[in-house]
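Here's the structure we're looking at; comments come further down.
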Amino acid sequence: MSQPLLAVNDLRKHFLLGGGLLGRGARSLKAVDGVSFTLEKGETLSLVGESGCGKSTVARSLMRLFPPTSGQVVLGGQRIDDLSAGALRPLRRRIQMVFQDPFSSLNPRMRVRDILAEPIRNFGLARNRADLDGRLAALMERVGLPREALSRFPHEFSGGQRQRIGIARALAAEPDLIICDEAVSALDVSVKAQIVNLLQDLQRELDLALLFISHDLAIVEHMTHRVAVMYLGKIVEIGPRRAIFLAPKHPYTQALLSAVPVPEPDAGRTRIVLRGDVPSPINPPSGCRFHTRCPHAFARCRTEEPQLDKVGGDHFAACHLDGAAMPAQAA
Amino acid sequence: MPDLKESALLSVENLQVHFRTPDGVNRAVDGVSFSIQSGETLAIVGESGCGKSVTSMSILRLLPEPPARLAGAIRFEGRDLLSLPEREMRRIRGNAISVIFQEPMTSLNPVLSVGRQIGETLRLHQGLSRKDAEERAVEMLALVGIPEPRRRVREYPHQLSGGMRQRVMIAIALACSPKLLIADEPTTALDVTIQAQILDLMRDLKRRVGAAIMLITHDLGVVAEVADRVVVMYAGRKVEEAAVRDLFRTPRHPYTRGLMGAVPRLGAAERPGAPQRLAEIPGMVPSLKTRIDGCVFAGRCPSVTDLCRSHAPALEPKAPGHLAACHYAPKDALAA
């Protein structure tokens, strides 16, 4: 098999929380604690999970917005997590990001033209002025904005249009991978559909890989190829869309799916309501991190941490209940 | 059919809320009418800027006037809230009508214990002593499912998780056994497993306490799970109203149909013939600062005609109990 576009091996990011002198007795918040996955060209992998599960920290570590504590990030066969800032710079072009809030992620004092031209200039992609203008015009057309809008400022646009500008900015660098961190979460329903469709079109046209971070499982199911479910800094289940949504194996995935309200008044589903809240990642539970809320926990879950085991083709889950004993999804 | 308006707990009649702004009048709510019966859950659905929150704020008279200018009538148990003196209004807020806001982080007072905050309404409206109020606060925390209520009652909002804070908000809102509970996006800021807990709690409490609920949300999934009846708002106007099953089975306004097509349904992607693309509603909401003579949705409607651009459609019954404001909405023969 050819090597994947992106391979993440045992990524960890622990944040130190002050504490004792010289770091003695200092506690750490284990935001990401051993995460591995791969991503192919033209593929969408979604990271799902609730607040604090570490999905955004994974994204930020990949972008090297902060250095990971340990683990490897391999992009197109080259390890990038240990590169110096200078050596990393040309590679940054290949991974771009679209953020959640289109109101705070665009510089209000720059015109759209300058927002989009910045990455093109930074990476020296345009040969001359005419080439730059051509690229800007093509970008605007690609994301469905009028060319005249290049001379306007972000505040003159609606939320959905701003998100289009954010996507155009990511595309300007001609990336292989775009990380969408809750990129459609802040948008209204009708606009959200427009942006989801745009992302799917772009993926097809440009063979882009998408790392789609979201808590909206219905949107994820609609547009993803594979899904990784995170809980307290770890992936508890990962697999193809069909397997995750039709036959989830991990009790957390099952609960998460059953909790999503479905817009059908007589859907008549039984819902698994989890007790309590997500525990603190500063002091996560022993054994399986989900055991404090799991409806099926038994003694072994409290002491021994389950590993991601194969439960089907390309489908892995970290749970001590073996496949047969696992309850069927409440459908 | 009995006259619903007469027996309604709350009836909003031709409500208009206009804001004066430096660049023109913003018609946030433009002639909206609906009513809520005792014990009923009415959902008001719409996207940002459709006027759903402004409507709820008007019922509580929480909008500063000016810049807001309110017209129409809001009758609660027969009294017009818009003409009550502020002193009377205060007796109603947090008592007969209470509210849960979206942000449990910002709507609790960070320097008062949760017991004090629950007790405050009880002392004000029911004249309980400090001690009795705290005792009742413990009961309320137990009612909304907070473990160890005796310990939690002395804690401060920052010591609680998001889901627990929202439970505290609900405890405050229910402390005086309101007849109407206004819930403005009560689960939007919460994670999905916590949202499931809060929705279950609201359903359970409705059965036990019997309050009418006015639920304001943009989430059609939440609507389908908890509402009895639904009002769909767009650009400051009511465009459709129906019982929840009728609305989801046969949406009659093109905007409602558009909304439903734009939301993917969990489990739908694997069904045969599932759409590869979501249905888009092209364009965006019109400015509320310019006067719209025709249909407010004309600019985005897939089946718009000249009539739509020149004449606003009246909101009329298209089937029993099903209203829609569209010239071309299908109409049943039996519609009143």
Side-chain angles (χ1 to χ4, degrees), chain A residues 48-53 144 157-161 186-198 200-201 204 215-224 241-242 245-246 252 255-267 269 271-280 293 329 331, chain B residues 45-50 145 147 160-164 187 189-197 199-200 218-227 230 243-249 255 258-270 274-285 300:
Chain A
V48 304
E50 300 179 279
S51 324
C53 71
F157 297 90
S158 68
Q161 289 172 321
L187 303 175
D188 263 321
V189 173
S190 66
V191 177
K192 193 181 288 198
Q194 296 173 6
I195 300 297
V196 166
N197 285 341
L198 174 65
Q200 288 189 287
D201 292 344
R204 247 191 322 274
H215 65 269
D216 186 334
L217 291 162
I219 293 273
V220 165
E221 188 194 16
H222 175 77
M223 67 176 293
T224 202
R241 174 179 80 177
R242 210 184 148 72
F245 283 95
L246 287 186
Y252 179 61
L256 205 56
L257 289 174
S258 84
V260 178
V262 170
E264 289 171 27
D266 296 309
R269 300 178 310 154
R271 176 188 279 159
I272 308 163
V273 175
L274 294 177
R275 289 158 298 156
D277 297 300
V278 180
S280 160
R293 302 174 80 200
Q329 181 206 8
Chain B
V45 195
E47 301 179 275
S48 330
C50 72
L160 307 176
S161 68
M164 284 219 256
T187 58
L190 304 176
D191 273 318
V192 59
T193 61
I194 307 299
Q195 166 170 289
Q197 293 174 359
L199 291 180
D200 271 17
H218 68 277
D219 187 331
L220 290 172
V222 171
V223 171
E225 294 217 353
V226 301
V230 189
V244 68
R245 282 191 187 81
D246 294 338
L247 189 85
F248 280 89
R249 199 183 302 139
Y255 175 64
L259 271 188
M260 291 187 180
V263 188
R265 292 171 186 207
L266 199 66
E270 304 297 347
Q276 291 300 300
R277 290 172 70 81
L278 296 175
E280 295 180 13
I281 303 178
M284 52 190 164
V285 183
R300 304 175 78 186

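Sequence lines set the chain letters: A, B, ... in the order given, protein chains first and strands last, and positions in each chain run from 1.
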dist A:E264:CD -> B:L220:CG (nearest 0.5 Å) comes out at 11.5 Å
Grab the two heavy atoms, one from A:E221 and one from B:R265, that are nearest each other, plus how far apart they are. OE1-O, 3.6 Å
Minimal non-hydrogen separation, A:E50 against B:V192, with atom names: OE2-N, 3.7 Å
Max heavy-atom pair count under 4.5 Å with chain A, selected residue of B:D219, B:D200, B:V263, B:L199: B:D200
Which atom names give the shortest non-hydrogen contact between B:A279 and A:A193, and what distance separates them? O-CB, 3.6 Å
Grab the two heavy atoms, one from B:Q197 and one from A:V273, that are nearest each other, plus how far apart they are. CG-CG1, 3.7 Å
Non-hydrogen atoms of B:Q195 and A:P261 that approach each other most closely: NE2-CG, 3.0 Å
Once rounded to the nearest 0.5 Å, what's the spacing between atom CD of A:Q200 and atom CG of B:L278? 7.0 Å
Taking side chain as everything from C-beta outward and backbone as N, CA, C, O, which of these in B:V223 sits under 4.5 Å from a heavy atom of chain A? Side chain, backbone, both or neither. neither
Less than 4.5 Å to any heavy atom of chain B: does that hold for the side chain of A:V189, its backbone, both, or neither? both
Any donor-acceptor pair under 3.5 Å from A:D188 side chain to B:S48 backbone: yes
If one checks every heavy atom of A:R293 against chain B at 4.5 Å, the contacting part turns out to be side chain
Would you sort out whether B:R277 and A:D201 count as a side chain to side chain contact (heavy atoms under 4.5 Å, CB included), showing the intermediate values? CA-CA 9 Å; B:R277 290 172 70 81; A:D201 292 344; 2.6 Å; yes
Which heavy atom of B:F248 sits nearest to which heavy atom of A:P263, and what is that distance? CD2-O, 3.3 Å
